[in-house]
2 protein chains.
Amino acid sequence: MTSCGGVFTVFTMSDQREKILSCACELYLNDGLDGFSMRKLARSVGVTAPALYRHYESKEHVLIDVVREAYREFTGFLYRALEGRTPEERLAKAGDGYIEFGLRHPRWYRIVFTAADRLGLDELPADVEAQGCAIHQFWVDRLRECMDAGLLRRGDPAAIGMTIWAHSHGLITLYHNGHFQTDEEGFCSLCDASWQRLLEGVATDEYIGDLKRRDFASVTAGST
Amino acid sequence: MTSCGGVFTVFTMSDQREKILSCACELYLNDGLDGFSMRKLARSVGVTAPALYRHYESKEHVLIDVVREAYREFTGFLYRALEGRTPEERLAKAGDGYIEFGLRHPRWYRIVFTAADRLGLDELPADVEAQGCAIHQFWVDRLRECMDAGLLRRGDPAAIGMTIWAHSHGLITLYHNGHFQTDEEGFCSLCDASWQRLLEGVATDEYIGDLKRRDFASVTAGST
DNA sequence: GTCTATAATCCGATAGAC
DNA sequence: GTCTATCGGATTATAGAC
């Protein structure tokens, strides 16, 4: 919460700016994006609204700092997975961390995966964008080492990552929107079962064989 | 747009109410949920705001009718799949329709899959909820017949449906939020490739065998 | 059925006193 | 660095004339 690391500089906030940011995070987590206003923020800080503008240029700049905190929280959940001792364990922990983050902090989850322009932001600062790239690289690392270990089929880690990401993201957002009639515990076992299906595939071996034969036939036909 | 079917009654709107609803849909599709206000709506209809309240009790009631139109549009895309002549074709068409709906009508998609309370609605009327159930049943039908035809592994169609749904929903929402660096055409082929991975599974056969052996071992150990 | 006028609330942001 | 006062705008919704 205190510092914002760049390549060559580390900037430290004033105490008051830090207090405002802390209240802003709390306000966002309680009231969501719609309920987030400078007036409410001022009230929770214990000052009047204009005072905030001594520390932040605009509401947008406050929100940017909140987004940065969201990323920080997210990576905290993810990077714990590096403590795993095998590729399999690290991938499992990463997946668990992702789901757990989505469950424990729905509003952090939302703000991390919502496009900047839909947050009313022109663009995210470079250091936050960089966090996004780091997360992407983290997943590529997890998948590649599982391929090397013979756990996952070979292929482009980024492409396979999209499939796994879409699956997890879909599960969490559908759960958040109340589309699964179950509590958190039920949702977790639902996730496990669904992950198992993604590992094994949902089609029968016969059908897969069928598809491959058809694909082969169409390729040979097309090459004449 | 004209009628709202219930079990025993069909209610027909007045012309003016119908015109308001039509403008409301257009307004929502253009400006989204945040940009949707009674004043703007009145402007686009060509009257002043208070006039709307002769036809609709509140903004919430207008929005409910908009949501009903969204469902109608969605089912239109889905149910075309019934024209397919085999279970495989019907499932493929249903999946294509789902993705196409998400691509062509992002705002309709959003409103259909957003929880009612996050739209500012207390609850959806019974006939809209019923549409949701019908859609669920539609998917169960598609999956069950593919199991019977030996294309998909046997299992609970509703559970497998969740996996497939989460995957598709994740792809669409991540695309909408700009997380895939690709245009619509690239996204479609990305979807095809990802669906293929979901059919085949992402794990190697060796790893699947491994997991089954471990699972068996833990079950036998647990039963002693 | 539509209008004008208005109530009651919220918002982001600024000017200028202290 | 914080305050009061205020600008200029948005919103839902209603009262009462026509």
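Order of the sequence lines sets the chain letters (A, B, ...), proteins ahead of strands, with each chain counted from 1.
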Protein-nucleotides 6-10 of chain D N/O pairs closer than 3.5 Å?
none

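- Tested against B:F74, the residues B:W108, B:F113, B:F138 include a single ring pair (Phe, Tyr, Trp, His ring centres under 6.0 Å) partner, B:F113.
- Looking at B:Q137 and B:D141, their side chains do bring a donor and an acceptor atom within 3.5 Å of each other.
- For the pair A:Y53 OH and D:dT4 P, the interatomic distance rounds to 16 Å; values are reported in whole Å.
- When each of A:Q16 and B:E60 is assigned the nucleotide of DNA chain D with its nearest heavy atom, A:Q16 is the one assigned upstream, toward the 5' end.
- Here C:dA13 presents its P atom at 16 Å from NE2 of A:H55, a figure rounded to the nearest Å.
- Remark: A:F36 in residues 29-36 of chain A come within less than 4.0 Å of DNA chain C through at least one heavy atom.
- Partner A:H169 forms a ring pair (Phe, Tyr, Trp, His ring centres under 6.0 Å) with one of A:Y98, A:F101, A:Y109 and no other, that one being A:Y109.
- Between A:L152 atom CG and B:R197 atom CZ the span is 11.5 Å, to the nearest 0.5 Å.
- Taking atom OH of A:Y56 as the reference point, atom C1' of C:dG12 lies 17 Å away to the nearest angstrom.
- Both A:P50 and A:K40 sit near DNA chain C, but only A:K40 has its closest nucleotide nearer the 5' end.
- Put simply, CZ on B:R54 is 12 Å from C1' on D:dC18, counting in whole angstrom units.
- Donor-acceptor pairing under 3.5 Å is lacking for the side chains of B:H176 and B:T173.
- Within a 6.0 Å radius of CG in B:D183, other residues, nucleotides and ligands contribute more than 12 heavy atoms.
- Protein atom CG of B:L41 is 12 Å distant from nucleotide atom P of D:dA13, rounded to whole Å.
- Atom CG of B:L52 and atom P of C:dT4 are 13 Å apart (whole Å).
- Here the straight-line distance linking atom CD1 of B:I20 with atom CE of B:M13 works out to 10.0 Å at 0.5 Å rounding.
- Under the side-chain hydrogen bond (donor to acceptor under 3.5 Å, both in side chains) criterion, A:E89 pairs with no residue, sequence neighbours left out.
- Atom-to-atom, CZ of B:R43 to P of C:dT2 comes out at 18 Å; the value is rounded to the nearest Å.
- Distance CG (B:L63) to C1' (D:dT11): 15 Å, rounded to an integer number of Å.
- Map B:A51 and A:K59 each onto its nearest nucleotide of DNA chain C; the residue landing nearer the 5' end is B:A51.
- The 12-atom threshold is exceeded at CZ of B:R17, counting heavy atoms of other residues, nucleotides or ligands nearer than 6.0 Å.
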